[in-house]
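To keep things clear, I will list the structure first and then write my remarks on it.
Order of appearance sets the numbers: ligands from 1, and atoms from 1 within every ligand.
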Amino acid sequence: MLDRSERTVVLAGVGGDSHSVGIITLRNALQRAGYHVRFLSIQNTAAELHAAAAGADAVLVSNMDGHAAYYLRDLPSLRAEEPDGAVWYIGGNPSLAGDEPAAAELAGLGFDRVFLGYVEPAEVISVLDRDLTVRECGFARPAAPAGRALPEVRPMPRRRSPAEQRDDVLAQWPTGHPAGRLEENAEVCAARGNLAAVQEAADRDGRTLIHPRTGVAGVREQIELFRTLEEAGADVLSFQIDSLTRNNAHEQVEMLLKESVADPGAFAGLNGFPLVNHGVEAGRSITAYFPHVPFQVRHSTRDPRLLAEITFASGITSFEGGALTYNLPYYRDYSPRQSVRRWQYVDRLSGIYHERFGITVDREFFGVLTATMVPPCLAVAVDVLETLLAAEEGVKSVSLGYAEQGNRAQDIGAIRALRRVARGYLDARGHQDVAVHTVFHQYMAAFPADPEKSRALLHGSAVSARLSGATRLMLKTVAESSHIPSGVQNAAGVALVRAAWAAEADTAAPGLADFEEELTVTEASAILDAVLGLDASDLGERIALAVERGLLDVPFSPNRWNAGKAMCARDSAGAVRFAVVGDIPLPEQVRRLHRDAVRSRLRRTGGDLDAMVESDVLRTARGDFAVWPLTS
Ligand code: 5AD
């Protein structure tokens, strides 16, 4: 009989991949099953995996960005030099290739088992049980790893103006220098579509814009994609930046681009468009094909400064990301203090384009966060804090993101609350001239594999988006559970949304949306007032302090500065509530509401809270819903 507590399982994400929900959920499930888990969180190197494998029984590697073979290219030689004797597994979406070549490639790296696509935690545990039962165990039980080291809190880095840093930023990669001439860049921007203006018109006319994502490695392929989507009726187009660029790994991108010249098939090695490597001339040439289309750059880049420079120089006047929303969901070892300072550069640069040349750059914030079981008040609070940071630097248009959670009243209330709270806090600080827009993300966590279920989800989601009055809808497709969508699949997604709106034009917003809106406004305002009241020298430092003290605490965040105490579950109607509030400063009557909602669901379903949270996290991916939204 296998004694799980005697077996050590290493669990880790690799390379630049940021996905944290899956491995945190799997860690909890393995621990509840009794396994001893050495949890390495995300963003490990092959050498770190290899070191952790010493004395372990199994190594479970998770990768969702398709670059596993690249991140782990040194693994076979490390293991050959110093064998570890563990059973190695890899799962997620570890390859951009099809199933068969992917399995062969990963087996070639030394993985004993390859899991492609969604796998139940229970199945992982049962395969582990079987493998470890038959496996000879010649290792002594390793010492328990040291407890979670608290990150060091350093003083806030000194604030530096763009003028002080610009030469260094532009020197980060050879394509930076040609982005330096602001007057020339502004002329290009003035001759291209502008998202801020298009969103103003959409809000005035009560329209919701449809926005698919697109990113491929090559310039010609990117133009073809944009053409397909423009013809399909997409209102906004964006460059989805590849994950190597997001990690500022321009040299590695260059290597892959060079290989692709020799072998055009190698383009498949990047999961998005590497704008920094292609540079300003390429960027301008693409946007010139579509002079009226509002373009955007979407990314999650660790140091976004050079990418922002090249974006604006390319005539693209909308840039996603912010100090919290592009850090807490994405990076393990990146302090909010540092990200605040880097994003202030981007905001100030955006402000300069407006002050000097009258170009309005729209700044979008990724209130989606980790996408999974994120209560609306947290999305609103972080969106509004990034808005205030941006407004201080002279930004005049913001787009605030929120990811659908699946309860229609709550999702509609969230979008309405976003608009109201942002407007209120901006006006109170003298920023009446900053325009506020909202972005409804179709469900952003793991999708069901069943295309019919996905279609039903996308249909219901489109209707919720429209009813919320969001300025823009970020599109998903039926491909979501398995791969990055093609242009044709995105075009089908656009058609699906339009069909849903035509079919359900008369649907009314549920009355409960008013309650959810008020609740979210109350909660977000309480958080914001607490953060803004912290004793620090500037807003950026207040925000960093708020994370360090757990006032802002994002469920499933891999970031070491994030408290990680807050935990959410669905109530009986499918709305997301706090099961554990942690140190988030919510008023007492609101805490009670959350507690009662979770308790009453628990009484109905039975079982324990951890099991309920796990099933809530996995529910959509399992296709465990009869209709979408869960409650309308
Ligand atoms: N092209 C299109 N969509 C992309 N996504 C990620 N990279 C790309 C790309 N290069 C989509 C994923 C996911 C969302 C966050 O972005 O499918 O739905």
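What you find for Q489 and T477 is that their closest heavy atoms are O-CG2, 3.7 Å.
A donor-acceptor distance shorter than 3.5 angstrom exists from the side chain of N562 to the backbone of V554, with no hydrogens or angles considered.
For the pair N327 and W561, the minimum side-chain heavy-atom distance is 4.5 Å or more.
S238 contributes atom OG, which lies 10.5 Å from atom NE2 of H299 (distance to the nearest 0.5 angstrom).
Around ligand 1 you find R213, T214, G215, Q240, N271, G272, M444, K476, E480, I484, P485, each with a heavy-atom distance below 4.0 Å.
A cation-pi arrangement, defined by a distance under 6.0 Å to the six-membered ring centre and an angle within 45 degrees of its axis, is present between R302 and Y334. With a 6.0 Å cutoff to the six-membered ring centre and a 45° limit on the axis angle, K453 counts as a cation-pi contact of F625.
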